[in-house]
Each structure stands twice: as structure tokens, then as C-alpha cells.
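What follows is a set of notes on a single structure, which appears directly below.
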Amino acid sequence: MSSRLKDAAHLIPLVLVVLAGVAVFLLFRQVLVPKTFGQYGHYRAAALDDIRVRPVSFAGQATCAMCHDEVATTRSKGKHRGVSCEACHGPLAKHADDPAAMKPKKLAGTGLCQGCHKADKAKPAYFPQVVPAEHSGGAECLSCHQPHSPQMQ
Amino acid sequence: MEINRRKFLILTTSIAAMTSSGEPSATSSPGAYDVHAHWWGMTIDIDKCIGCGNCVRACAVENSVPEGFYRTWIERYEVPPGEDATPVVASPDGGIHGFPPMQGADAKRFFVPKLCNQCAMSPCVQVCPVGATFVSPDGVVLVDEKYCLGCRYCVQACPYGCRYIHPVKKTVDKCTLCYHRITQGLTTACCEACPTGARQLADLKNPSDPVHEFLRNNKIQVLKPQMATRSKTFYRALDGAVR
């Protein structure tokens, strides 16, 4: 028995080296792999939080309606009821956070209207669209239509 | 109320991120968003898209998308008559400035908004060698910028061409389905800005989400179904010419 152990004695340093190697590997792994890696899958779960804290530019329709309820009511009764405020007025989260810090710009009208309503054969046929020169002779859209409830009474 | 809630959520998540960096507590702060309670996707109604470019502009602002790159874009298809006809596809600057009007009734024409399809079996995730891109527990394909090497395997793997290398960060960038917005109860920037409601954010795990009715009542198709990516961007009235 003891002779057998003696025969295997040369393997002991090898085993120690392998064990040390494994220990170093585990230590490095412990230090280098982020704690949340593998929480949900083969990725760093904390990345979700990193992405979630990115700033918001569009405040959202519900936020606009909190203060501008009068315009929201007008809009909800007209043809533009499905169009959110920021679809035309642009991103206004800064204005929603502090109304004094950022004032929305006055919109141009005609050019903005044509962005949606200029006649184009690629648009769905049901969608209201006009050839501006034929429709109004080039007059400003807002001289006849109210943007928040555009159908003429 | 809404604004308070929004501010509250931003504050709590940022505090959680600051205090618990390194701790295994991702999205587990009390009362916060539950990643396992949602399964996000999007519906797109081709019959409602007017090619105005609002979604492309909104996305660029919301996500600081560099000029010349697109997380979402609009393609205009023009399919001439005849069974051998090749469709002509145009997407000038991703449609960010809209499209020049077309005349004549000699062809079938329509707009197709595109974005990351949020595949449940995503080829881009399968090829990432470092675990930098992944499908989140709530079904959004995201990129961990701190882990991405910029190796571009995923850019080549995406069958829909939805990924690009960010010219400044040199890491891969893509649509996040506005993850920073949808996790605090807002819709995506593109859906918020769409004037016709052609795009709708969908939570497939929410039984009261209109998406279920939409999927039941319409003929729905996904892009490249033969790729078996289990895309969660559902198109209504999608023409066979669209690739």
C-alpha cells in the first residue's frame, strides 16, 4: 500500500498545481463577472436598469391633457382626436416637467398640415388629402380650419 | 398624477441604480415595474400609414439616433402591374423628411414602417459571443453597451437590417422599443408621434390590451416568417411584395 502511494507521489505537485489553477480561475471569475450576470439569462441583468434611466423627450398625451384640458376636449370632439399633441407640437417633456423652463414654439401651419394632407397616390385612399393649389388656391390652411378640430362647421 | 408618477419612477430607478450598482437587484425595487408581467411587441397597420415620417423623426429625437442611421424607417413600395413585376422600394433618408408625392394610378403603392421586430427567437441574440445582446424577460431585444465589443456579428445576423454600429460609441445600436418609456407606462416615441395610429405598442401578456382583438379580427403577417424568428411586430394588410 505504502509503495503504491510512493509510486503516485510524483502526481501530488501536479494535482496541487491544477487545484491552484482552478482556485485562481474561480477567484478571477468572481471578480470579473458582474453580479447580475446570469440573473435572467446569459447577460447582465443590470443592463436593463441602465437602459431604463435614459431620459424621456416625449411627455405623452395624458401628461399634456393634465394642464391643457380645454384644448384636449376640443381635440377629442374633432377629426384630429387620434392625433397626439406631440405629433404636431413636437417633444415637450421638458415643458411638462417645468412649463416655465421651455415654451413650445408657435407652429407654422400650412407646411405642417401638408406633411400629412398633401395628395399622394401612395397614401391610403380613404385618408383626407388635397392638392393645395386646387383646394385653397394656396391660401393658409389655418385661415379656414382650426387645427385642433379641423372640420369646417 | 401622471407626471408625479413618471418623475417618481425615474427617481426611484435612478436611486436604485446608484445605490445598488453591483448588487443583484435589477428591477426589484418595491412597487416598481415587474419585468415578468409583460411581453412587449408592436402592431403596424399598413392601411393607416401615410408616410409622413413623424415616427422616424420622433425616434431620432427620443433616442439621440445619429444622423444617417435609423432605428425605425419607412419604405415606400411601388408594385407595377403584372405577375413578374419587380417592386420599386424607396426610403429617402429613412423617410425622415416624408416622401415626395406620387401621381398616377398605374401601380400599387403603399408605405411600410419598419423597426426591430423584437423576435422571441432572435438570430442576433444567438450569435452574440459575449452576452451583450439579449431578449429581456419582458420580450424586448436590447443591447448592453458596456458589454458590446462591436464585432458586428449581430448586424449581419439580423434578417431585417435593424442594427448598426453607433459611429461615436462604436457599439451596436438598435430600437429598444423605447424601453425607458414603456417601463414607466408611456408608449414608444414612434407610437406617440404617429398621427394615424398606424403603430401601436402591444403588451401581449396584458389580457385587456387591444392587441388581442387586433390580432383576432385582422389578417396578420410578420416579416420573413420563413426565418422562424417569432417576430413580435405584427403587420396588418402586409403585401406579398414586402421583403
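Naming convention: chains lettered A, B, ... in sequence-line order (proteins, then strands); numbering from 1 in each chain.
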Inset, instruction - Please indicate whether A/Lys77 has more than 12 foreign heavy atoms, meaning atoms of other residues, nucleotides or ligands, lying under 6.0 Å from its NZ. - result: no
Inset, instruction - Check each atom of B/Thr133 against the heavy atoms of chain A and say whether the ones under 4.5 Å are side chain, backbone, both or neither. - result: neither
Inset, instruction - Select one option (side chain, backbone, both, neither) describing which atoms of B/Asn54 are under 4.5 Å from chain A's heavy atoms. - result: side chain
Legend entry - Heavy atoms from other residues, nucleotides or ligands near CZ of B/Phe214 exceed 12 (cutoff 6.0 Å): yes
Legend entry - SG on B/Cys191 to CD on A/Gln61, rounded to 0.5 Å: 13.5 Å
Legend entry - Over 12 foreign heavy atoms within 6.0 Å of CE, B/Met121: no
Inset, instruction - Quick one: which of B/Lys108, B/Arg181, B/Met102, B/Glu62 has the most heavy-atom pairs under 4.5 Å with chain A, could you say? - result: B/Glu62
Legend entry - Greatest number of heavy atom pairs closer than 4.5 Å to chain A - which of B/Phe110, B/Tyr77, B/Tyr147: B/Tyr147
Inset, instruction - Applying side chain to side chain contact (heavy atoms under 4.5 Å, CB included) between A/Asp120 and each of B/Pro100, B/Cys52, B/Pro101, report the one that passes. - result: B/Pro101
Inset, instruction - Answer with side chain, backbone, both or neither: which region of B/Val140 has an atom nearer than 4.5 Å to a non-hydrogen atom of chain A? - result: neither
Legend entry - Spacing of A/Arg54 atom CZ and B/Ser64 atom OG [to the nearest 0.5 Å]: 9.0 Å
Legend entry - side chain to side chain contact (heavy atoms under 4.5 Å, CB included) between B/His180 and A/Val53, intermediate numbers included: CA-CA 6 Å; B/His180 59 300; A/Val53 296; over 6 Å; no
Legend entry - Enclosure of B/Lys146 NZ (heavy-atom neighbours >12, cutoff 6.0 Å): no
Inset, instruction - Anything under 30° is parallel, anything over 60° is perpendicular, the rest tilted; go ahead and classify B/Phe134 against A/Tyr43. - result: parallel
Inset, instruction - Could you pull out the closest heavy-atom pair between B/Pro137 and A/Leu48, with the gap in Å? - result: CD-CD1, 4.0 Å
Inset, instruction - Identify whether the distance between the nearest side-chain nitrogen and carboxylate oxygen of B/Glu145 and A/Arg44 falls below 4.0 Å. - result: no
Legend entry - Among B/Gly98, B/Ala58, B/Gly53, B/Gly51, residue most engaged with chain A (heavy-atom pairs, under 4.5 Å): B/Ala58
Legend entry - Where B/Leu186 and A/Ala59 come nearest, the two heavy atoms and their spacing: CD2-O, 3.4 Å
Legend entry - Nearest-0.5 Å distance that lies between atom CD1 in A/Ile51 and atom CG in B/Leu177: 12.0 Å
Inset, instruction - Examine whether an atom of B/Cys128 lies under 4.5 Å from a heavy atom of chain A, and if so say whether it belongs to the side chain, the backbone or both; otherwise answer neither. - result: neither
Legend entry - Under 4.5 Å from any heavy atom of chain A - which part of B/Val135: backbone
Inset, instruction - Could you check A/Tyr40 against B/Val35 for side chain to side chain contact (heavy atoms under 4.5 Å, CB included), going step by step and ending with a plain yes or no? - result: CA-CA 10 Å; A/Tyr40 296 140; B/Val35 280; 3.5 Å; yes
Inset, instruction - Return yes if some donor-acceptor pair links the side-chain N/O of A/Glu86 with the main-chain N/O of B/Glu192 below 3.5 Å, else return no. - result: no
Legend entry - Whether B/Gln103 side chain and A/Lys121 backbone form a donor-acceptor pair below 3.5 Å: no
Inset, instruction - Tell me, out of A/Cys116, A/Gly82, A/Ala119, who's got the most heavy-atom pairs with chain B below 4.5 Å. - result: A/Cys116
Inset, instruction - Could you please state which residues from residues 123-131 of chain A sit under 4.5 angstrom from chain B, measuring non-hydrogen atom to non-hydrogen atom, sorted by number, or 'none'? - result: A/Lys123, A/Pro124, A/Tyr126, A/Phe127
Inset, instruction - Taking atom CD of B/Gln126 as the centre, report whether more than 12 heavy atoms of other residues, nucleotides or ligands fall under 6.0 Å from it. - result: yes
Inset, instruction - Name the region of B/His36, side chain, backbone, both or neither, that has any atom closer than 4.5 Å to a heavy atom of chain A. - result: side chain
Inset, instruction - With a 4.5 angstrom heavy-atom cut-off, could you sort out which part of B/Lys48 is near chain A: side chain, backbone, both or neither? - result: both
Inset, instruction - Might you point out which heavy atoms bring B/Thr183 and A/Arg52 nearest each other, and give the distance in Å? - result: OG1-NE, 3.2 Å
Inset, instruction - Apply side chain to side chain contact (heavy atoms under 4.5 Å, CB included) to the pair A/Lys118 and B/Phe99, showing each step before the final yes or no. - result: CA-CA 10 Å; A/Lys118 201 174 199 175; B/Phe99 290 81; over 6 Å; no
Legend entry - Segment of B/Ser136 engaging chain A (4.5 angstrom heavy-atom cut-off): both
